[in-house]
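Per chain, numbering begins at 1; letters A, B, ... match sequence-line order. Everything quoted here is computed from the prediction, not taken from an experiment.
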Amino acid sequence: EPEVTQTPSHQVTQMGQEVILRCVPISNHLYFYWYRQILGQKVEFLVSFYNNEISEKSEIFDDQFSVERPDGSNFTLKIRSTKLEDSAMYFCASSLTGAGGYTFGSGTRLTVV
Amino acid sequence: DAKTTQPPSMDCAEGRAANLPCNHSTISGNEYVYWYRQIHSQGPQYIIHGLKNNETNEMASLIITEDRKSSTLILPHATLRDTAVYYCIVRVLETSGSRLTFGEGTQLTVNP
């Protein structure tokens, strides 16, 4: 069964450093998403991406965050200057249509120290 | 998107049907009901969705009441691997892929 692949599975970074979280969505999917989950809290929406542009973003997704689809297969989330409160599990997801179910990756655990 | 209400936890015996309820009394006519689950810090997993008709797939059945104010997800023969947090989400379908708003969900524990 097709999977969404995320790398790395765990990343530790110093506060103030830039991080890039990588995702390879399912190959024929057209819609891409990032969500995050702080330990013990709900899964939160960050951003959706379609047709090479952001289609929706949450209030969490401020100027420190950016997304990119640099080629036909990767979808990245960049955090420019990490804060302690950015420590969370980050999930990438993709879907073929805007209406169907999403396929989530297994996540990247980001720890900011 | 309409707010949903789910019980915080439920137990089920292995091999029995698990019936997970969800209230969405403020649902609008163009909002669908989606179910996802999350097994211990893994990525959420899509289960099923529907508008007003009952739906069934290889994982589960979704029963939506005629007034659409509530629904039930049925796992017909629960296994230990079905232990997870189950989320009922209501949202409008949009062509640009709108957000999923996760609540607290129901922690389902399947017991041997």
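- No other option in A:Gln41, A:Gln37, A:Lys42 has as many heavy-atom pairs under 4.5 Å with chain B as A:Lys42.
- Taking a 6.0 Å sphere around CG of B:Asn30, one finds it holds more than 12 heavy atoms contributed by other residues, nucleotides or ligands.
- Atom CZ of B:Arg16 has 12 or fewer heavy atoms from other residues, nucleotides or ligands within 6.0 Å.
- Across A:Lys57 and B:Arg99, no two heavy atoms sit closer than the pair O-NH2, 3.5 Å.
- Residues B:Leu100 and A:Phe45 come closest through the heavy atom pair O-CB, 4.1 Å.
- One hydrophobic cluster, built from ILVMFWY side chains closer than 4.5 Å, cannot hold both B:Leu80 and B:Ile74; they sit in different ones.
- A 6.0 Å sphere centred on CG of A:Leu84 holds more than 12 heavy atoms belonging to other residues, nucleotides or ligands.
- For CD of A:Glu3, the number of neighbouring non-hydrogen atoms (other residues, nucleotides, ligands) closer than 6.0 Å is 12 at most.
- For the atom pair CZ (A:Phe104) and CD (B:Gln42), the distance works out to 13.0 Å, reported to the nearest 0.5 Å.
- Proximity to chain B (any heavy atom under 4.5 Å) is shown, for A:Ser58, by both the backbone and the side chain.
- Between B:Tyr87 and A:Val43, the shortest heavy-atom contact is OH-CG2, 4.5 Å.
- With a threshold of 4.5 angstrom between heavy atoms, A:Tyr102 approaches chain B through its backbone and through its side chain.
- In terms of hydrophobic clustering, with Ile, Leu, Val, Met, Phe, Trp and Tyr side chains grouped at heavy-atom distances under 4.5 Å, A:Ile38 and A:Leu110 are assigned to different clusters.
- Sparse packing is recorded around NE2 of B:His77, with 12 or fewer heavy atoms of other residues, nucleotides or ligands lying under 6.0 Å away.
- Heavy atoms closer than 4.5 Å to chain A are found in the side chain of B:Tyr36, but not in its backbone.
- For A:Tyr35, the part sitting under 4.5 Å from any heavy atom of chain B is the side chain, from C-beta outward, and nothing else.
- Annotation: the span from A:Ser106 atom OG to B:Gln45 atom CD amounts to 12.5 Å, rounded to 0.5 Å.
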